[in-house]
Amino acid sequence: MNLIQTNEIINNTWLERPSPEVAPDLVGCTLVRRMSNDQIIRSTIVETEAYAPGDPACHAYRSRTPRNAVMFGPPGMSYVYLIYGMYHCLNIVTDADGVPSVVLIRALQLESVPDWLWEYIPKQKSKPKISRLAAGPGKLCRLLDIDLSLNGSPLGVGRPMWLEHPTRQLQEDLQIVQKTRIGIRKGTELPWRWYLANCDAVSKT
DNA sequence: TTGCTGATTATG
DNA sequence: ATAATCAGCAAT
């Protein structure tokens with residue numbers, strides 16, 4: 001199945017909804033990344049999680065701080081943070097300006113991997129399958145060279161990243177599963193994780 | 001200023 | 001099951 005198609009650009013109005021509404025809608029959408037060499041990498045979002053106000057797992061649960069500031073900004077920005085001192089996580093800011101609400105991008109499916117991109121993939125014991133290269137929030141940021149320099153960067157055509165809708169037909173054919181979020185200590189009961197069924201890139205747990 | 005924690009990953 | 005590795009945050 002070819003998940004990557006000609007698409008319509010996602011605008012900020014579409015993102016101006018609570019993250020638990022946007023997160024399932026982003027599954028099946030395309031993340032487009034313009035790398036520093038101006039090459040374009042397109043991939044399909046196959047796993048997302050929502051973080052929202054009143055959610056104890058949300059970085060903005062306690063208060064606004066320098067780290068979480070962009071979560072409070074307008075929709076359509078990227079919120080990137082460093083986790084465990086060595087990986088980055090990519091979020092899409094959603095909901096109205098002032099409401100800290102984001103969608104974490106947990107896994108991507110790439111259609112193909114150009115040779116030069118393998119330089120972004122660290123040497124490992126065994127060569128991973130293409131379907132596992134962006135399987136996990138830290139891995140996808142490493143692969144697409146996403147770091148703190150992209151925190152607060154607006155999404156858009158011509159910018160480092162933007163989002164596109166799939167065709168209507170494809171969107172309707174998607175089998176999306178809803179479950180609880182993973183890797184967190186608090187807010188574990190909220191069913192705010194969505195992923196594509198039968199997708200190799202999705203986290204196993 | 002110290003100490004602990006974490007929306008992770010690769011390896012044993 | 002655990003090391004790697006560090007910014008943020010709460011407590012001192």
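Hydrogens, waters and symmetry mates are skipped; everything else that's a heavy atom, side chains included, is used. In what follows, every chain begins at residue 1, and chains take the letters A, B, ... in the order their sequences are listed.
Pairing for B:dA7 is absent, with no Watson-Crick or G-U wobble pair whose two atom distances lie under 3.5 Å.
Comparing C:dC6, B:dT9, C:dA10 against the side chain of A:L82 picks out C:dC6 as the nearest. With B:dT8, B:dT11, C:dA10 as the choices, the nucleotide that has an atom nearest any side-chain atom of A:C89 turns out to be B:dT8. When each of B:dT9, C:dC9, C:dA10 is scored by its nearest atom to the side-chain atoms of A:P66, the top-ranked nucleotide is C:dC9. Side chain of A:T65, nearest nucleotide from B:dA7, C:dC9, B:dG6: C:dC9.
No hydrogens or angles considered: a donor-acceptor pair under 3.5 Å links the side chains of A:S101 and A:T94.
The phosphate of B:dG6 (OP1 or OP2) has no side-chain N or O of A:R67 nearer than 4.0 angstrom. For the OP1/OP2 pair of B:dT5 and a distance below 4.0 Å, the side-chain nitrogens and oxygens of A:R185 include no atom meeting the criterion. When the side-chain nitrogen and oxygen atoms of A:K139 are compared with OP1 and OP2 of B:dA10, one or more of them lie within a distance under 4.0 Å.
Between A:L148 atom CG and B:dA7 atom P the separation is 15 Å, expressed in whole Å. Rounding to whole angstrom units, CD of residue A:E47 and C1' of B:dA7 are separated by 11 Å. Rounded to a whole Å, the CD atom of A:Q124 is 5 Å from the P atom of B:dT11. Atom OH of A:Y61 and atom C1' of B:dA7 are 16 Å apart (whole Å). Per the geometry, CD1 belonging to A:I121 stands 15 Å off C1' belonging to B:dT9, to the nearest Å.
Between A:Y84 and B:dG6, no base-stacking contact is recorded for ring centres under 5.5 Å apart and planes less than 30° from parallel.
Within 3.5 Å, no donor on the side chain of A:Y81 pairs with an acceptor on the base of C:dA7, nor the reverse.
Heavy-atom distances to DNA chain B give each of A:G183 and A:P122 a nearest nucleotide, and the one nearer the 5′ end belongs to A:G183.
Of the charged side-chain nitrogens involved, at least one lies within less than 4.0 Å of a carboxylate oxygen, so that A:D200 and A:K129 count as a salt-bridged pair.
Nucleic acid contact for A:R181: none, since no nucleic acid atom lies under 4.0 Å from a heavy atom of the residue. Base engagement by A:G85 is indicated by at least one non-hydrogen atom pair under 4.0 Å involving a base atom. The residue A:R193 sits apart from the nucleic acid: no heavy atom pair falls under 4.0 Å.
Each of A:N151, A:D145, A:D147 was checked for a side-chain hydrogen bond (donor to acceptor under 3.5 Å, both in side chains) with A:S149, and the lone residue meeting it is A:D147.
Comparing the C1' positions of B:dA10 and C:dA7 gives a spacing of 22 Å, expressed to the nearest Å. One P atom belongs to B:dG12, the other to C:dT5, and the distance between them is 16 Å to the nearest Å.
One finds the CD1 atom of A:I105 at 4.5 Å from the CD1 atom of A:I92 (value rounded to the nearest 0.5 Å).
Heavy atoms from other residues, nucleotides or ligands lying under 6.0 Å from CD of A:Q175 number 12 at most.
Not one N or O on the side chain of A:S153 forms a donor-acceptor pair closer than 3.5 Å with the backbone of A:S78.
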